[in-house]
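Any value given below was found using the heavy atoms of this structure, including those in side chains, with hydrogens, waters and symmetry copies removed. For ligands, and for the atoms within them, numbers begin at 1 and follow the listed sequence.
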Amino acid sequence: MDYVIIVAGGKGLRMGSEIPKQFLPVAGKPILMRTIERFHEYDPALNIILVLPESQQAYWHQLCEEHHFSIKHQIANGGDTRFQSSKNGLALIPEDEDGVVGIHDGVRPFVSKEVIEECFETAREEYAAIPVYAVTDTLRYIDQHGGGKNVLRSDYRVVQTPQTFDIGLAKQAFNQEYKEQFTDDASVVESLGCQVAMVEGNRENIKITTPFDIKVAEALLG
Ligand SMILES: Nc1ccn([C@@H]2O[C@H](COP(=O)(O)OP(=O)(O)OP(=O)(O)O)[C@@H](O)[C@H]2O)c(=O)n1
Ligand SMILES: C[C@](O)(CO)[C@H](O)COP(=O)(O)O
């Protein structure tokens with residue numbers, strides 16, 4: 001069976017809003033509900049695990065009632081790092097389960113059905129897959145003395161989620177000790193020595209991080 005773990009255990013410091021950013025409404029509906037809906041639309045049989053700080057779970061249940069949100073999901077507790085949040089979500093998947101697990105940021109409500117499908121199918125064949133897109137701005141490397149140097153942007157890709165993995169592989173990877181360079185789930189799997197396949201992401205799949213991103217999100221739905 002396939003699973004998606006929607007991680008929403010962060011602090012939202014860059015958003016700086018009173019309400020945690022995953023609950024902020026965009027065109028009248030909380031971001032997190034929009035994100036979960038995308039995966040349910042892709043596959044209504046997909047098992048959904050939502051990772052939320054324990055202190056926010058009662059509020060989430062209240063929001064679900066208010067919005068008549070009835071998509072079935074399990075809840076895991078958020079961790080101090082994204083690594084720990086993903087790991088807590090993975091712990092709810094039975095040990096002997098076969099299939100693919102996607103790990104997706106709760107604050108990326110604009111992932112397309114095609115990208116979700118491509119990520120799950122590529123991981124089924126190649127064990128690990130991530131959506132990426134080409135950099136469109138010029139990039140500059142800054143050294144430790146503050147000096148700058150132009151770099152070849154075609155050497156880089158911007159990485160999105162969902163990041164999809166064979167379930168056994170993901171569980172093995174998240175048994176490692178946490179390292180600071182684990183900024184996404186693929187970096188955890190890669191540190192086992194595994195290759196991660198890349199699929200073309202969709203540009204609208206932004207990570208809602210700052211108040212500016214809320215304006216972009218409203219515009220995308222407008
Ligand atoms: N300990 C953490 C940290 C992050 N996340 C989740 O990972 C996703 C991407 O992280 P980001 O957008 O950076 O969220 P925050 O960490 O909440 O933001 P900030 O760094 O501004 O505090 C978010 O859905 C966030 O909730 C998580 O589940 N657990
Ligand atoms: C996982 C991620 O969204 C891929 O782009 C990103 O690495 C999360 O980074 P954050 O700074 O912890 O939000």
Determine yes or no for a side-chain-to-main-chain donor-acceptor pair under 3.5 angstrom, with [X] supplying the side chain and [Y] the backbone.
X      : Y      : result
Gln176 : Ala173 : yes
Asn47  : Asp2   : yes
Arg157 : Tyr133 : no
Ser112 : Asn202 : no
Lys171 : Ile93  : yes

Numbering the atoms of ligand 1 from 1, which are under 4.0 Å from a heavy atom of [X]?
X      : answer
Lys207 : 9 (C), 11 (P), 12 (O), 13 (O)
Ser85  : 1 (N), 2 (C), 27 (C), 28 (O), 29 (N)
Lys21  : 11 (P), 12 (O), 14 (O), 17 (O), 18 (O)
Val107 : 12 (O), 23 (C), 24 (O)
Leu13  : 19 (P), 21 (O), 22 (O)
Arg82  : 1 (N), 2 (C), 3 (C), 7 (O), 29 (N)
Asp80  : 1 (N)
Thr81  : 1 (N), 2 (C), 29 (N)

For Arg82, atoms of ligand 2 separated by under 4.0 Å from a heavy atom
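With Arg82 as reference, the close atoms of ligand 2 come out as 1 (C).
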
With heavy-atom distances below 4.0 Å as the criterion, list the atoms of ligand 2 near Val159.
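The list of qualifying atoms is 4 (C), 5 (O).
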
Using a plain distance cutoff, I'd like to know if [X] has any nitrogen or oxygen under 3.5 Å from a nitrogen or oxygen of ligand 2.
X      : answer
Gln160 : no
Arg108 : yes
Asp184 : no
Thr161 : no

Do any nitrogen or oxygen atoms of [X] lie less than 3.5 angstrom from nitrogen or oxygen atoms of ligand 1?
X      : answer
Val51  : no
Gly9   : yes
Ile208 : no

Any side-chain donor near an acceptor of the partner, [X] and [Y], under 3.5 Å:
X      : Y      : value
Gln195 : Glu190 : no
Asn88  : Ser85  : no
Gln57  : Asn77  : yes

In this structure, are over 12 heavy atoms from other groups packed under 6.0 Å from [X] atom [atom1]?
X      : atom1 : answer
Gln62  : CD    : yes
Gln74  : CD    : yes
Lys179 : NZ    : yes
Asp98  : CG    : no

Considering only non-hydrogen protein atoms, determine which one is nearest to [atom] and report residue, atom name and distance to 0.1 Å.
atom                    : answer
atom 17 (O) of ligand 1 : Gly12 N, 2.6 Å
atom 26 (O) of ligand 1 : Gly10 N, 2.9 Å
atom 3 (O) of ligand 2  : Asp105 OD2, 2.6 Å
atom 13 (O) of ligand 2 : Lys207 NZ, 2.7 Å
atom 6 (C) of ligand 2  : Thr183 O, 3.9 Å

Compare Asn88, Val7, Ile5, Asp105 and give the one whose heavy atom is closest to atom 24 (O) of ligand 1.
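Closest candidate by heavy-atom distance is Val7.
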
Tell me the nearest of Gln22, Lys11, Arg14 to atom 20 (O) of ligand 1, using heavy-atom distances.
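That would be Arg14.
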
Is there a continuous path of hydrophobic side-chain contacts, each under 4.5 Å between heavy atoms, that joins Leu52 to Ile48?
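Yes; tracing contacts between hydrophobic side chains, which count when under 4.5 Å, links both residues.
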
Give a yes/no on ligand 1: does Gly78 have at least one heavy atom closer than 4.0 angstrom to it?
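Outside the 4.0 Å threshold, so no.
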
Check Arg14 against ligand 2 and report side chain, backbone, both or neither, counting heavy atoms closer than 4.0 Å.
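The side chain, only.
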
Centroid separation Tyr59 to Phe23 less than 6.0 Å:
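Aromatic pair counts; centres sit under 6.0 Å.
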
State whether Asp184 and Arg82 are salt-bridged, where the test is any N-O pair (Lys NZ or Arg NE/NH1/NH2 against Asp/Glu carboxylate O) under 4.0 Å.
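Salt bridge between Asp184 and Arg82, a charged N being under 4.0 Å from a carboxylate O: no.
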
